[in-house]
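Following: one structure in structure tokens, then a few remarks.
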Amino acid sequence: PNTEYKIFGLRLQLPLISAPVTGSEINLGGYLSESEYCKAVVQGSMMAGSIAMTGDSGNPQFYIDGLDAIKSESGHGIAIIKPRENHKIIENIRKAEQAGALAVGIDIDGAGLVTMALLGQPVGPKSVSDLKEIINSTKLPVILKGIMSVEEAQIALEIGAKAIVV
């Protein structure tokens with residue numbers, strides 16, 4: 001069967017998007033560094049005819065490692081950002097723009113992550129006006145990751161999100 005589809009103008013063969021996983025040095029027992037993991041998932045997704053999302057973490061370098069992997073593949077990736085303060089999210093969007101990312105996303109279901117606060121990177125819930133500010137800050141398509149209800153999906157559509165992850 002033909003599984004080809006387009007996302008944000010990019011034609012892909014495999015209808016899957018790799019999840020934005022971070023912390024490989026911890027989660028994989030040091031087998032791969034974060035940079036090695038990001039490069040592998042971005043390159044592997046591309047070779048499979050798909051695209052990867054790269055993540056954000058309490059360690060800001062992990063976000064940069066993901067962007068470096070995206071940049072090394074000419075923007076073939078989507079950068080996902082934790083729900084930090086808006087000005088910090090917008091700073092990270094600028095970095096994604098410079099890396100040539102296809103899109104960015106906000107991990108809105110990550111609003112209560114204690115590990116982020118413990119690492120000095122507090123996160124919190126986003127209001128509709130917060131999300132509008134973020135979406136309006138960039139020309140990149142913005143994805144809202146962590147939509148939990150039909151009502152939230154409708155709000156995402158109304159404020160200009162270009163895609164959602166449930």
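For the numbers below, each heavy atom of this structure counts, side chains included, while hydrogens, waters and symmetry mates do not.
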Margin query: Ile17 and side chain to side chain contact (heavy atoms under 4.5 Å, CB included): which single residue from Val165, Ile51, Leu12 fits?
Written below: Ile51
Next item on the list: Would you check if Ile89 and Asn86 make a side-chain contact, meaning some heavy-atom pair closer than 4.5 Å?
Entry: yes
Check: For Met116, does its backbone N or O pair with a side-chain atom of Gln121 as donor and acceptor, under 3.5 Å?
Finding: no
Check: Do Ile108 and Leu131 have side-chain heavy atoms sitting under 4.5 Å apart?
Finding: yes
Notebook entry, point to check: Is there side-chain contact between Ile90 and Glu133, with heavy atoms separated by less than 4.5 Å?
Noted result: yes
Check: Shortest non-hydrogen contact from Ala103 to Pro141?
Finding: CB-O, 3.4 Å
Notebook entry, point to check: Are any of the side-chain heavy atoms of Lys145 and Asp109 separated by less than 4.5 Å?
Noted result: yes
Note to self: Tell me the closest heavy-atom pair linking Ala101 and Leu140, and the distance in Å.
What the structure shows: O-CD2, 3.4 Å
Item checked: Donor-acceptor pair, side chain of Asp107 and main chain of Pro83, under 3.5 angstrom -> no
Next item on the list: Decide yes or no on salt bridge (charged side-chain N to carboxylate O under 4.0 Å, His left out) for Lys88 and Glu91, but give the supporting numbers first.
Entry: CA-CA 5 Å; Lys88 292 187 182 225; Glu91 285 174 15; over 6 Å; no
Check: Is there a donor-acceptor contact under 3.5 Å from the side chain of Asp68 to the main chain of Asp65?
Finding: no
Check: Are side-chain heavy atoms of Asn59 and Leu119 found at a separation under 4.5 Å?
Finding: no
Note to self: Closer than 3.5 angstrom, by distance alone: can the side chain of Lys126 be matched with the main-chain N or O of Arg84 as a donor-acceptor pair?
What the structure shows: yes
Notebook entry, point to check: Between the side chains of Ser35 and Ser33, does any donor sit under 3.5 Å from an acceptor?
Noted result: no
Check: Glu152 side chain to Met148 main-chain N or O, any donor-acceptor pair under 3.5 Å?
Finding: yes
